[in-house]
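Every chain is numbered from 1, with letters handed out A, B, ... down the list of sequences. Values in this document were obtained by computation on a predicted structure and should not be read as measured data. These numbers come from the heavy atoms of this one structure, side chains and all, not from hydrogens, waters or symmetry mates.
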Amino acid sequence: MRTLTHTVAGSTVGIHFPERREDLDGFRAFLAGGDKVLAFDTEGIGLDVYTPGHRLRLAQFGNSREAWVLRTDLFAEEAAAALRQPRPFVMHNAPFDLLTVDRHLGVRLEDLGARTFDTRVLAHLLDPRAPQEGGIGLGLKPLSAVYVDPDAPDTQEGLTAVFRSLGLTKATGWAGIPVDNETYVRYAGLDVILTHRLFRELGPMVRDIGLDRLSKFEHHLQVLLAILQRKGFRLDVPYVERLKADLLGEAERGRAVARRYGVENVNSTAQVAAALEAMGEKLTERTASGATKVDKGVLLPLADLSLSWERLDVRTPNPLADAVLRSKRAEKWAVAYADAFLTLRDANDRLHPSIGALQARTARMSISRPPLQQLPSSDWRVRRAFVADPGQSIIAADYQAVEMRVLAALSDDETMKRAIAEGVDLHSFTAERVFGPDFTKAHRKIAKAVGFGKVYGGGAATICRQTGADLVSVKRALAAYDATFPGIKRYSRRLMERAEFGRREVVTPSGRHLPLDRDRLYAATNYVVQSTARDLLAQAIVDIFAAGLGDHLLLPVHDELIAQAPTADAEEVIREVGRAMESTFYGVRIASDPEVYGPSWGHGYGAPE
DNA sequence: ACGATCACG
DNA sequence: ACGTACGTGATCGTG
């Protein structure tokens, strides 16, 4: 048995590293000690619990004074038994460790998750901001530095240095470092000691601001989303391999054209800009740092294409702009999507993307590795890669204009509430108010953009840029919007005034505190609306599990739920899911649209047969 | 490490 | 008085 000592916030702590079976007596005595809650953490190889080759190497237990670091090659059963004791644990970023022990130690996520606290959740409730936004951040290191010990080591960064000294890299270090390396063991042990101490600080703070119930809800929700991650989403591998080859071919054809105009690398904005200017194109837009802008917004008009890639017939298409656009898009889709899918799949050809239940400043969820919330929607080809399990169909239900409904509810705008109650199309309703009863489709588009612009806090110029509409119409629409929906303007002003003269934050109906940036108080309305829409979807996920429909769910995508069901029951299941999503919020109906897609996700976006 | 870009809601 | 577009994740080039 080896024991290391370390100083944390002025006191000495011990890190025990059992090497033989008889060393575990001390571990059992530690478990039987008086601690109500123990901290837990794991060290493994790689971030993707489900990719082949992932391994668990260490399982750490600790309180504020001591840590026990168990090698899972020797003591997996002891670690599993400790976790199965009916007692609470605290982890930092619990879903990751819960999925790890579910997979490698046979400790069920449902069981352990139900008695797990997560210091990351507590920290998010106290201040969701990243360091770049003026917050502390949600990492164990920065939180420990503020709440536990400013000199607490950055264990991740420290290990990277050790990896290097052993001739290993960040990528190979987690697998290659000897499991008994002193720094590795020390930092593994310190992580649980810091987590335990952090919990002692943050727990009471969350209670003091009255967020115990919200905290409980978020803990429950993130276990449900970890269940979705564990189940995964089935990939059609032969299809993805074909898709990748097609896209790479498309990218190469574009590159060949670009080369003829002297562009060796289509991803180099500098090369593209120079070549276009050499062809006589005038590039006037600049990026924030002063570089010549050659993004999609600049290139599409040069290629005589609209924002949705349709021929405009207003000029001779610039062949270089066209080639660069197509080549970049194809390459991006091949690499970021098709190839990532193939790399990240498990042994059964399923993907298990990481679902961040409580992620953005507004608490919005995120999905990463791979980013399934950001797959192209204008083209079915990428989404077609995801298929239902045998005998099942993909189904989906999305909220109807949920942010507008939330805004109507919170602002208590009578006109907007009445329009929603009468079931009229909100954007058409606005268009009629602005442009009269003979409004066109283009008018509705402007009205829609103004509606979103209002939610986001945008101005006339931005809305023009986004839609290509003329400034006069947009300004008219904005003015008419304010006149039609006076409650919205009043509500936004009230939020901003409160933030200006009180605490610089907004509080959502769920009790969540959202800090505002000093120079962006106008974002207040958007924060409350976006966050509240997220909370509605989160509540729906909890309700769907409570109704026994959780097995059907696959993914949340901001305002919709993707699911699957046996093909014969698909219609009925998605109707039930849709019903569970619906609610009445401050007297406003939050409605959903259920839909059966078919064999793949892409079938909801026009995939054939 | 950071900026530019682009995918989504 | 005016005007501010909101939130993510990922890749690539550049220094």
Handout entry: Charged N-O contact under 4.0 Å between Arg490(A) and Asp412(A)
Key = no
Handout entry: Test: Arg384(A) cationic atom under 6.0 Å from Tyr239(A) six-membered ring centre, within 45° of axis
Key = yes
Problem - Any Ser366(A) side-chain N or O less than 4.0 Å from OP1/OP2 of dG9(C) - result: yes
Exercise for the section: Taking only the side-chain nitrogens and oxygens of Ser268(A), find out if one of them lies under 4.0 Å from OP1 or OP2 of dT14(C). Expected result: yes
Fill in the blank from the handout: Arg520(A) has its side chain closest, among dG7(C), dG9(C), dC12(C), to dG7(C)
Exercise for the section: Quick one: label Glu403(A) by what it contacts on the DNA or RNA (base, sugar-phosphate, nothing), any heavy atom closer than 4.0 Å. Expected result: nothing
Problem - Any Tyr522(A) side-chain nitrogen or oxygen under 4.0 Å from OP1 or OP2 of dA5(C) - result: no
Exercise for the section: Select base, sugar-phosphate, or nothing to describe what Phe452(A) touches, counting heavy atoms under 4.0 Å on all strands. Expected result: base
Problem - 5'-most by nearest nucleotide on DNA chain C - Lys475(A) or Pro371(A) - result: Lys475(A)
Handout entry: Salt bridge Lys244(A)-Glu241(A), side-chain N to carboxylate O under 4.0 Å
Key = no
Practice task
Examine dG9(B): is either OP1 or OP2 under 4.0 Å from a nitrogen or oxygen in the side chain of Ser377(A)? Give yes or no.
Solution key: yes
Exercise for the section: Output yes when at least one side-chain N/O atom of Lys296(A) is less than 4.0 Å from OP1 or OP2 of dA7(B), else no. Expected result: yes
Exercise for the section: Applying salt bridge (Lys or Arg N to Asp or Glu O under 4.0 Å), name anything that partners Arg253(A), two or more places apart in sequence or on another chain. Expected result: none
Handout entry: Distance, C1' atom - from dA5(C) to dC8(B), rounded to whole angstrom
Key = 16 Å
Fill in the blank from the handout: The answer to which of Glu133(A) and Ala270(A) contacts DNA chain C further toward the 5' end, by nearest nucleotide, is Glu133(A)
